[in-house]
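Structure first, then comments.
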Amino acid sequence: MIEVKNVTKKYGNFIAVNNISFNIEKGEIVGLLGPNGAGKSTTMNIITGFIEQTEGEIVVGGYNILKNPKKAKKQIGYMPEGVPLYNELTVKEFINYMADLKQVAKKEKKEKIQKVIEQTHLQNVQNKLIKNLSRGYKQRVSMAGALVGDPEILILDEPTVGLDPKQITEIRNLIKELGKTHTIIISSHILSEISQICNKVIIINSGKIIAQDTPKKLEEKVKKQNQLSVTIEDKETKVEEITKQIQGIQEMKLVKDNEDGTKEYIITADENQDIRKEIFEKYAKSGITIFELKKNEATLEDAFINLIGEKQEEEEKN
Ligand code: ADP
Ligand code: MG
């Protein structure tokens with residue numbers, strides 16, 4: 001349904017998106033996950049034909065977005081980052097405007113506009129000016145604009161940013177519902193947002209894809225890791241040296257440097273090896289006080305943070 005082939009986007013010398021490739025099949029709900037500045041919006045803007053890539057190719061439903069922009073774009077409903085800027089229009093006027101952009105046939109227009117107004121629960125505010133609406137309503141107006149004209153593909157850029165928990169649940173349920181009949185790409189910098197709705201996750205950082213898989217498979221990969229979290233008081237910071245003397249230790253990473261003088265580390269060890277006893281004994285002998293020692297039940301969130309952390313360390317080294 002969507003093919004992204006070796007796409008790169010440069011702003012001057014800066015590479016915002018760096019040679020990314022992925023395919024999205026019909027009916028999939030795909031999460032584009034990455035921290036701020038990762039390149040999510042740029043990628044979405046390229047797929048929707050909003051901006052042009054520097055290199056590579058995008059094919060949407062068989063049509064190249066640059067060579068056949070009209071046919072490619074007709075299949076896509078796009079909800080850009082932030083809220084709609086058409087403050088002086090009413091909700092209905094805005095949706096009408098979007099319907100015109102998508103060349104919805106005149107005789108179907110009225111009916112189609114009413115349909116998306118119902119879908120997004122905007123009946124009560126349809127004649128209000130957009131500027132007078134709350135953030136949650138504005139977000140839904142933007143969603144309605146994406147939906148009008150029945151596009152098969154929906155591209156939603158951080159659709160829940162700035163919403164309160166109740167509004168988040170509402171939008172999430174709406175996306176789930178739409179997922180039954182659409183192909184969806186949704187971006188977020190929050191993992192839980194994505195893992196609940198999507199059947200595929202593409203993790204992106206510094207313009208590059210660092211992982212793509214189902215949430216389940218990504219989680220399984222992390223679960224295999226044998227990790228401990230240890231919080232200690234170490235006045236001489238010799239703990240890393242001491243820990244690395246234990247057999248089977250792969251890595252030790254400082255994750256929190258607390259104000260009370262304690263430090264939290266994540267220790268990764270070989271699979272199937274319980275190193276808790278050895279750590280306890282060795283630290284005791286060396287005068288390092290353990291405040292907490294626990295086996296890490298790694299979550300997808302940890303995997304995400306780890307992946308992104310590793311990437312940044314690599315870059316700092318280069
Ligand atoms: P995300 O949506 O993941 O937060 P973006 O795609 O918005 O990330 O941005 C990726 C990178 O490209 C950022 O470092 C951003 O500052 C940069 N960038 C985005 N748009 C422009 C632009 N028009 N000119 C220069 N740099 C840009
Ligand atoms: Mg963005």
Side-chain angles (χ1 to χ4, degrees), residues 2-22 24 29-58 60 65-66 73 76-85 135-136 138-143 145-146 153-163 167-168 171-172 175 184-198 200-213 215 218 300-301 303-316 318:
I2 302 173
E3 295 163 69
V4 175
K5 296 184 213 167
N6 304 103
V7 167
T8 293
K9 175 71 188 177
K10 291 184 189 164
Y11 291 109
N13 287 329
F14 178 74
I15 305 174
V17 170
N18 194 344
N19 192 28
I20 61 167
S21 299
F22 57 85
I24 294 172
I29 306 182
V30 176
L32 197 56
L33 179 68
N36 288 327
K40 303 179 297 293
S41 298
T42 306
T43 303
M44 290 181 146
N45 277 326
I46 294 170
I47 296 173
T48 52
F50 214 69
I51 61 171
E52 203 172 308
Q53 67 270 29
T54 315
E55 283 164 47
E57 198 183 8
I58 305 279
V60 180
I65 194 87
L66 297 180
K73 283 182 191 175
I76 300 175
Y78 182 29
M79 179 173 168
E81 201 167 26
V83 286
L85 298 168
R135 172 100 201 195
K138 283 182 181 167
Q139 210 85 325
R140 278 194 248 162
V141 173
S142 187
M143 181 79 101
I153 302 165
L154 294 175
I155 297 189
L156 314 172
D157 196 354
E158 308 228 21
T160 58
V161 161
L163 301 185
Q167 294 166 333
I168 289 177
I171 287 269
R172 210 178 266 164
I175 295 169
I184 300 183
I185 310 182
I186 168 174
S187 75
S188 178
H189 61 281
I190 306 158
L191 179 99
S192 58
E193 186 81 37
I194 296 271
S195 58
Q196 289 176 24
I197 332 179
C198 300
K200 188 159 102 191
V201 184
I202 298 174
I203 302 178
I204 167 172
N205 191 31
S206 309
K208 287 188 194 153
I209 293 178
I210 49 177
Q212 58 175 312
D213 221 324
L218 283 173
L300 205 47
E301 190 79 44
F304 174 48
I305 291 165
N306 256 338
L307 278 167
I308 282 165
E310 276 167 28
K311 201 73 212 319
Q312 265 152 7
E313 276 170 28
E314 255 172 55
E315 254 144 45
E316 277 158 23
N318 293 335

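One-based numbering, in listed order, for ligands and for the atoms of each. Along the sequence shown, residues carry numbers from 1. Heavy-atom basis, side chains included; hydrogens, waters and symmetry copies ignored.
The Mg ion (ligand 2) sits nearest to atom OE2 when only the N, O or S atoms of E81 are considered.
For the pair I15 and K10, the tightest heavy-atom approach, listed with the atom from each and the gap, is CG1-CG, 4.0 Å. The nearest pair of heavy atoms linking T160 to E193 is OG1-OE2, 2.8 Å. Annotation for L156 and M44: closest pair O-CE, 3.3 Å, computed over non-hydrogen atoms.
Within 4.0 Å of ligand 1, the residues that place a heavy atom are Y11, F14, A16, P35, N36, G37, A38, G39, K40, S41, T42, listed by chain and number.
Between the side chain of S21 and the main chain of N6, a donor-acceptor pair closer than 3.5 Å is present.
With 2.8 Å as the limit, S41 counts as an N, O or S neighbour of the Mg ion (ligand 2). At a cut-off of 2.8 Å, D157 does not coordinate the Mg ion (ligand 2) through any N, O or S atom.
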Trace of the side chain to side chain contact (heavy atoms under 4.5 Å, CB included) decision for I51 with Y11: CA-CA 11 Å; I51 61 171; Y11 291 109; 3.6 Å; yes
Taking it one step at a time, do I58 and L66 satisfy side chain to side chain contact (heavy atoms under 4.5 Å, CB included)? CA-CA 8 Å; I58 305 279; L66 297 180; over 6 Å; no
Side chain to side chain contact (heavy atoms under 4.5 Å, CB included), that's the test. Do V7 and T43 meet it? Break it down for me. CA-CA 9 Å; V7 167; T43 303; over 6 Å; no
